[in-house]
Amino acid sequence: MGRIVFAGAMSHVLDPDYYQAACGDVGRQKVTAVMAAIAAMGERFAAAEADALVVIADDHMNAFSFNCVPAICVRIGRTVQRLIQAEAEAFDKVLEHMPVEYPLHEPLATGILEQGLRSGFDLAMSWEAPVDHAFLSPVNTLLGARPVPPLVPIFVNAFIAPQPTARRCFQFGQHVARVVAGGPWNVGIIATGGLSHFPELLLSRVGETDTVFDRKLIHWMEQGEHEPLLDLTADELHKTGSHEFLNWMVLLGAVTPARAEVRYFGELPRINLAAVEWRLA
Amino acid sequence: MGRIVFAGAMSHVLDPDYYQAACGDVGRQKVTAVMAAIAAMGERFAAAEADALVVIADDHMNAFSFNCVPAICVRIGRTVQRLIQAEAEAFDKVLEHMPVEYPLHEPLATGILEQGLRSGFDLAMSWEAPVDHAFLSPVNTLLGARPVPPLVPIFVNAFIAPQPTARRCFQFGQHVARVVAGGPWNVGIIATGGLSHFPELLLSRVGETDTVFDRKLIHWMEQGEHEPLLDLTADELHKTGSHEFLNWMVLLGAVTPARAEVRYFGELPRINLAAVEWRLA
Amino acid sequence: MSRYAINSLLYHLKKDAALRARFLADPEAAIAGADLTDAERAAFVAGDMRTLNELGGYLHLVMSVPRIGTHGGQGLHLREPLESPTDSRNPREE
Amino acid sequence: MSRYAINSLLYHLKKDAALRARFLADPEAAIAGADLTDAERAAFVAGDMRTLNELGGYLHLVMSVPRIGTHGGQGLHLREPLESPTDSRNPREE
Ligand SMILES: [Fe+3]
Ligand SMILES: [Fe+3]
């Protein structure tokens with residue numbers, strides 16, 4: 001029987017130069033610290049010898065177009081490509097040393113997709129969507145020079161309203177856990193993004209966070225109290241700039257009722273950086 | 001309170017020349033007959049003075065790419081464009097006399113989308129997907145020279161496995177009915193495609209249908225017995241060539257427990273043509 | 001059962017008129033960069049839609065690629081429209 | 001709140017380098033065919049990303065369109081990189 005052998009969640013812009021430019025020296029210090037915490041989590045991930053790594057992240061209008069914005073989309077096929085874009089954003093540019101192509105864990109991804117549709121999840125599928133910093137920065141930081149295990153990238157629509165609800169993301173995570181349990185593989189899972197930044201997705205509020213809200217989320221995750229998180233509304237997530245917490249909700253569904261341990265939490269004006277790991281039974 | 005004031009389902013390749021070429025004179029005769037039945041349904045649709053027309057159909061790998069294949073996708077925005085493709089297929093070409101652009105019923109489409117995501121439907125949204133014969137042939141045949149009312153095109157993935165289940169499509173139709181009931185509009189709804197053709201999606205079986213299976217579906221629809229239809233499996237739909245019946249399942253969910261009245265059923269070697277209308281309370 | 005490499009190429013042949021023109025002029029050269037097995041490549045070059053369908057090509061692509069697809073299950077082969085582009089067996093050309 | 005016409009244009013400016021080059025050379029001409037209100041058009045021409053965001057442009061597009069987006073909320077205006085493409089206020093250019 002398959003098991004989730006590692007579960008973590010972390011911010012996904014992991015670029016010291018970017019935060020130096022955005023927040024000065026303290027930006028560089030804090031992002032360097034969260035990256036060190038993620039690298040330490042990577043030691044434990046490597047020791048777990050997972051057969052696959054599920055990565056739950058959101059699209060930044062890089063992979064999908066307005067022709068089709070999926071609520072939840074499973075990336076299937078044999079390989080996935082790193083986003084390649086002329087004049088990429090700085091935090092995507094820092095990944096240019098990474099390989100262009102990564103293996104996918106085809107049977108696990110296909111299982112999540114097929115069993116999902118059979119169970120009433122209206123999942124989109126993609127053979128082509130590339131992965132950007134939201135997927136690859138955490139993978140890169142977690143693994144360092146180690147080889148990247150076969151990935152299962154899953155896209156959650158965090159930004160284009162209407163998004164899936166926090167509850168639905170959690171339910172989808174429970175589904176992922178059932179698929180893992182029904183298979184033969186040891187699986188790692190990470191969710192990326194956050195914590196609070198870009199409230200209301202307004203340029204005029206870039207630079208604000210909601211630390212009180214973030215600490216409340218962390219408290220519930222540490223306690224393994226997931227009920228209140230299920231009731232998070234689209235409005236709360238939007239107003240606090242917690243859009244990307246939807247990715248974390250998927251992970252919570254997959255590991256519930258496990259408790260979180262905070263490896264790093266650091267406030268910046270622009271975003272609150274975090275790295276969290278779950279204590280699995 | 002809003003009401004569904006018209007509900008019908010029909011085959012969607014409605015091109016006498018095409019069936020002449022594929023099946024000879026009998027092909028032309030039967031498609032002409034089903035088109036006449038659909039036009040007669042159009043009289044009743046016009047008399048109902050609907051504010052909007054919801055059209056449930058499938059993509060024939062025209063609107064979406066393998067970058068993102070949605071299970072169920074609501075077309076939002078203000079207008080939708082007819083598929084324009086160099087060297088289009090004959091049955092799309094016959095629509096070239098039709099307008100290039102059609103108004104959408106924006107508040108109804110947005111309601112179906114937003115309330116759907118709130119209710120746990122993982123709907124994709126599209127501002128750009130064009131509509132092909134699967135949407136426009138029935139609309140054209142139904143309306144003739146009358147103006148096209150504001151549309152709500154909804155795409156169901158009928159062909160690219162894994163598809164949503166028959167039960168899930170029905171549940172989504174129930175959702176559509178709830179949204180209509182909660183709004184102020186009189187709404188028509190049609191589902192298109194089928195009946196049986198292209199079993200197993202194998203070229204070697206093009207030209208086969210499953211009349212026994214179609215008659216069974218029709219019987220249940222006539223009786224308003226929807227339970228057995230909910231249990232249709234992906235395998236049954238695939239083997240009998242009933243992929244597009246998923247569109248009909250959405251409509252059934254929207255009108256259940258109403259009974260169907262068959263306006264036309266005609267067997268051809270290539271496909272069984274049908275036009276069905278529901279007796280609404 | 002479906003095979004992405006086949007379907008992706010069929011899809012691009014359907015949507016990209018320039019690729020389609022290159023393919024019609026010189027199939028081998030046009031698809032040289034595609035990640036196909038030998039059997040798949042041979043079937044493309046021969047315009048053998050039945051084989052491509054059996055190898056996992058979606059029916060609706062296999063039927064609908066202009067000038068290349070069977071367009072109605074008539075088993076049209078690539079070489080025929082190339083030699084006779086108004087071939088009456090292809091109803092689209094009429 | 002979101003406005004498709006704005007977002008579609010931002011998206012194409014992000015993804016289509018040729019359109020972007022035309023826009024940088026002559027914004028009015030490059031977007032002449034776009035279905036925009038006068039206020040939206042003026043904001044595009046001025047490179048006023050804050051207004052485009054307030055009018056319904058998605059933040060991540062408003063930030064990330066190369067050379068045009070604010071790219072980090074620094075309120076970069078279009079005219080500045082045009083006049084000084086290695087402007088040090090735009091970290092992407094470093
Ligand atoms: Fe992000
Ligand atoms: Fe069809």
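The figures that follow rest on heavy atoms only: side chains count, while hydrogens, waters and symmetry mates do not. Below, read A as the first sequence line, B as the second, and so on, with proteins coming before strands; counting in each chain starts at 1.
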* Asked: So which of A:Ala161, A:Ser65, A:Pro162 has the biggest tally of heavy-atom pairs under 4.5 Å with chain B?
  -> A:Pro162

* **Close approach to chain A in residues 170-181 of chain B, criterion heavy atom under 4.5 Å** => none

* Asked: Which residues from residues 119-129 of chain B are near chain A, with near meaning under 4.5 Å between non-hydrogen atoms?
  -> B:Gly120, B:Phe121, B:Asp122, B:Leu123, B:Ala124, B:Met125, B:Ser126, B:Trp127, B:Glu128, B:Ala129

* **Pairwise distance CZ(B:Arg118) to CD(A:Gln163) - rounded to 0.5 angstrom** => 12.0 Å

* When you look at CZ of B:Arg205, are more than 12 heavy atoms from neighbouring residues, nucleotides or ligands closer to it than 6.0 Å? -> yes

* Enumerate by number any residue of residues 232-250 of chain B whose heavy atoms lie under 4.5 Å from heavy atoms of chain A; in the absence of such residues, state 'none'. => none

* Heavy atoms under 4.5 Å from chain A: which residues of residues 67-77 of chain B carry them? -> B:Asn67, B:Cys68, B:Val69, B:Pro70, B:Ala71, B:Ile72

